[in-house]
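This report refers to the structure that appears directly beneath it.
These numbers come from a predicted model, not from an experiment.
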Amino acid sequence: MSKRLLIRDLTLRDGQQSQFATRMNQAQVDRVLPLYKNAGFYAMEVWGGAVPDSVMRYLDENPWDRLEKIKAGVGGASKLTALSRGRNLFGYTPYPDSVIEGFCKNAVKSGVDIMRIFDALNDVDNMTSSLRFVKEAGGMADCAVCYTVDPHFPRKERFQAFLKGRKLPKNLFTIRYFVDKAKELERLGADMITIKDMAGLVDPAESAELTKALKAEVGIPIDLHTHCTPGYGTASILMAMVHGVDVVDTTALAWSGGPAHVAYEIVQLFADRLGLETGVDRAAVGAMDRELRLIRAELAKFDQYPENNPPVIDLSRHKLPAEDTALFDHAVEEALRGKTDKVLDLCHRIEARFNYPAPDEAVRIAQIPGGMYTNMLAQLEEAKLGDKLQEVLEAVPEVRLACGVPPLVTPTSQIVGVQAVNCVVDRAQGKPFYTNVSKNFAELVKGNYGRTPWPVDPDFREKVCGVREETPYDTSKYKKQPNPELPDCGNAKLARNEKEELLLELFPSVADKFLRGQRRREWLEANPPPPPAPPKPERYPSRFWEEELALGMEA
């Protein structure tokens, strides 16, 4: 077992995205940077994901400024991490290498030390360009394999599929599947491998087996990233630690649990009992956590679980109550013995003591990310079919099978979720499934997003897309976004440099609005309107003299 455990803090990216809809503004970020600099985490995930879009869309801030200010505030105390969706980068469009190279080069130049690269289909071909360009720019390539499980079909569905001669996947997402993906990425030059469990589906037994297998066959560091939504997070992190995982992802205690991640403090308490050194300054983390609690109050209207605020625990000066100490001791003892069921029960009790939201059974049973679940609910409410949720959840595995059993992570989670709702709406209107097919679902079935883990039925592809053969996206047809001159801003270009041009490429509508606002403000600062003309003087100096003159004329 390794005697060192590295901690990657997610608070400023995935933590706030999971809990507060990515609404943390730059002034709030600036308040905690000196504390982060003292904390000494191995890495901090601060950029990518929803951050660039959200800071422009909701905060009217520049994403590149966000990254550069964090780098200036933290310096080299921690490596800065960003998240990228491989060839898709941030959205649904597969980009040509010219855009991917420009993004990776500028991200590293602006402060990214580690780029975490993933593909929603686990199609390694979609990750190779980013991997190469990040390393050429001097960054580290953290290649993520998206964790998922085989779709669960009711027996009736399995029997019907058998009668129709239709194959159903079985034992597709095995330990071997994930290890082989990791080894392929290692051969291509990855500097580390993350098991990216975006839905929190890896249970403690699977976490133990997967970590053991990866450590036995992969020679680069292994990171486990998971969420707490279905209730496995704490127990699965503990089992990975017991079996030698190199890095774990955590969030500050004040923002942990529920749709977010396990708290650093919980991981540190486990590490202490396992003899693992993290190198994190506990007093600095305590101060950071106190400031983040103030910021959480400022973000209250976006807080998904305001009633589940964890208690204040500063590990530099607080001792756990005897009952909590016994829980941690017992959980580690059972983890070392491999008793994962007992570990899960004890970790649920630990999470309750930390006031975490209860495990979300609906998300666990449906095997989907929490964000996908809430988006489907909203779509149903908009269609006035809120009572059809169970039908949608039952449609998800069927829709997922039809489009090649993709892992459910952005963007495929949203594509599958939207199509499952469309299918249920079709049925409610007396129409067959797939009468209403979204553009993104058709592109996924066609092959535009890459190779799916399970082959798409050619008959279904022909029905949905009009072609039988898998058809990759042709990046030669990609059209660069326009960069017009703005007449009302002195004919300034909408995007004035390569970084702003990249914003237009990656977030066309959001960046267009944001940059127009930027250019207008710059124009007005450089060319302020002339002050208003003073009012014309009255014909007579005062009303009094007007009255005197009138009296004199009358006399």
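- In this structure, the side chain to side chain contact (heavy atoms under 4.5 Å, CB included) partners of Leu6, at least two apart in sequence or on a different chain, are Arg4, Tyr42, Val247.
- Leu506 CG to Thr93 OG1: the interatomic distance, rounded to the nearest 0.5 Å, is 9.5 Å.
- In this structure, Phe41 has its ring center closer than 6.0 angstrom to the ring center of Tyr264.
- Considering every non-hydrogen atom in both Ser110 and Trp64, the closest pair reads OG-CE3, 3.6 Å.
- Heavy-atom minimum distance, Glu470 versus Gly447: CG-CA, 4.1 Å.
- Not counting sequence neighbours, the partners of Lys439 by the salt bridge (Lys or Arg N to Asp or Glu O under 4.0 Å) test are Glu443.
- Heavy-atom minimum distance, Ile70 versus Val29: CG1-CG1, 3.8 Å.
- Note that CZ of Phe178 is 10.0 Å distant from CG of Leu214, once rounded to the nearest 0.5 Å.
- Across all non-hydrogen atoms, the minimal contact from Pro406 to Leu121 is CB-CD2, 3.6 Å.
- Between Asp119 and Cys146 there is no side-chain heavy-atom pair separated by less than 4.5 Å.
- Pairing each heavy atom of Glu186 with each of Gly219, the nearest pair is OE2-N, 2.9 Å.
- The side-chain heavy atoms of Gln17 and Leu83, taken from C-beta on, include no pair separated by under 4.5 Å.
- A search for side chain to side chain donor-acceptor pair (under 3.5 Å) contacts involving Asp360 returns nothing, not counting sequence neighbours.
- Listed by chain and number, the residues in a side chain to side chain contact (heavy atoms under 4.5 Å, CB included) with Asp281 are Ala283, Ala284 (sequence neighbours excluded).
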Output, in order, the C-alpha distance, side-chain angles, deciding distance and verdict of side chain to side chain contact (heavy atoms under 4.5 Å, CB included) for Lys181 and Val124. CA-CA 8 Å; Lys181 290 287 182 183; Val124 171; 4.2 Å; yes
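- Take Arg496 and apply the side chain to side chain contact (heavy atoms under 4.5 Å, CB included) test, not counting sequence neighbours, and it matches Glu500, Arg519, Glu522.
- The backbone N or O of Pro407 lies less than 3.5 Å from no partner atom in the side chain of Thr148, so there is not a single donor-acceptor pair.
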Could you walk me through whether Asp125 and Arg451 pass the salt bridge (charged side-chain N to carboxylate O under 4.0 Å, His left out) test, one step at a time? CA-CA 9 Å; Asp125 288 345; Arg451 182 161 297 173; over 6 Å; no
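- Between the NE2 atom of His227 and the OG atom of Ser18 there is a distance of 5.0 Å, given to the nearest 0.5 Å.
- Side-chain atoms of Gln304 do not come within 3.5 Å of backbone N or O of Ala21 as any donor-acceptor pair.
- At least one side-chain heavy atom of Val248 sits less than 4.5 Å from a side-chain heavy atom of Leu5.
- Considering Tyr478, Tyr473, Phe133 in turn, Tyr478 is the only one that fulfils the ring-ring contact (aromatic ring centres under 6.0 Å, His included) rule with Tyr95.
- The CG atom of Asp488 sits 9.5 Å away from the CH2 atom of Trp523 when rounded to the nearest 0.5 Å.
- Residue Arg282 qualifies as enclosed at atom CZ: its count of foreign heavy atoms under 6.0 Å is above 12.
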Worked verdict on Ser98 versus Lys480 for side-chain hydrogen bond (donor to acceptor under 3.5 Å, both in side chains): CA-CA 10 Å; Ser98 57; Lys480 188 176 173 66; over 6 Å; no
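- In this structure, Glu184 contributes its side chain and Asp180 its backbone to no donor-acceptor pair below 3.5 Å.
- In summary, the aromatic rings of Phe90 and Phe103 are positioned with their centroids under 6.0 Å apart.
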Between Arg85 and Phe118, is a side chain to side chain contact (heavy atoms under 4.5 Å, CB included) present by the stated rule, with each step listed? CA-CA 5 Å; Arg85 299 174 192 159; Phe118 77 96; 3.3 Å; yes
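- Taken to the nearest 0.5 Å, the CD atom of Gln28 stands 12.0 Å off from the CZ atom of Arg23.
- The stretch residues 36-45 participates, sequence neighbours left out, in these salt bridge (Lys or Arg N to Asp or Glu O under 4.0 Å) pairs: Arg13-Glu45, Glu45-Arg116.
- Taking the side chain as every heavy atom from C-beta outward, Val55 and Phe514 never approach each other to under 4.5 Å.
- With sequence neighbours excluded, the residues satisfying salt bridge (Lys or Arg N to Asp or Glu O under 4.0 Å) with Asp191 are Lys135.
- Here the side chains of Asn38 and Met288 are not in contact, with every heavy-atom distance at 4.5 Å or above.
- The distance from the CE atom of Met44 to the CG atom of Asp9 is 6.5 Å, given to the nearest 0.5 Å.
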For the pair Lys69 and Asp65, evaluate salt bridge (charged side-chain N to carboxylate O under 4.0 Å, His left out) and give the outcome as yes or no after the intermediate values. CA-CA 6 Å; Lys69 288 176 180 177; Asp65 290 348; 5.1 Å; no
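- Residue pairs satisfying the salt bridge (Lys or Arg N to Asp or Glu O under 4.0 Å) criterion with at least one member in residues 96-106, sequence neighbours excluded, are listed as follows: Arg87-Asp97, Asp97-Arg132, Lys105-Glu498.
- For Ser130, there are no side chain to side chain donor-acceptor pair (under 3.5 Å) partners at least two apart in sequence or on another chain.
- For Leu504, the side chain to side chain contact (heavy atoms under 4.5 Å, CB included) partners are Gln481, Asn483, Leu494, Ala495, Ala511, Asp512, Leu515, not counting sequence neighbours.
- A donor-acceptor pair shorter than 3.5 Å cannot be found between the side chains of Tyr232 and Ser207.
- Thr226 approaches Gly200 most closely through the heavy-atom pair OG1-CA, 3.5 Å.
- Listed by first and then second residue, the ring-ring contact (aromatic ring centres under 6.0 Å, His included) pairs that reach into residues 9-33 are Phe20-Trp255, sequence neighbours excluded.
- The local environment of NZ in Lys215 is crowded, with over 12 non-hydrogen atoms from other residues, nucleotides or ligands closer than 6.0 Å.
- Within the 4.5 Å cutoff, side-chain heavy atoms of Tyr449 are placed close to those of Asn88.
- Using modelled atom types, no side-chain atom of Asp289 and backbone atom of Ala252 make a donor-acceptor pair closer than 3.5 Å.
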Mind running side chain to side chain contact (heavy atoms under 4.5 Å, CB included) on Lys196 and Asp249 for me, showing each step along the way? CA-CA 10 Å; Lys196 180 176 168 56; Asp249 290 4; over 6 Å; no
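- Residues meeting the ring-ring contact (aromatic ring centres under 6.0 Å, His included) test with Tyr58, sequence neighbours left out: none.
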Evaluation steps, side chain to side chain contact (heavy atoms under 4.5 Å, CB included), between Leu253 and Ile313: CA-CA 8 Å; Leu253 179 59; Ile313 298 175; 4.0 Å; yes
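- Here the side chains of Leu224 and Ile222 are not in contact, with every heavy-atom distance at 4.5 Å or above.
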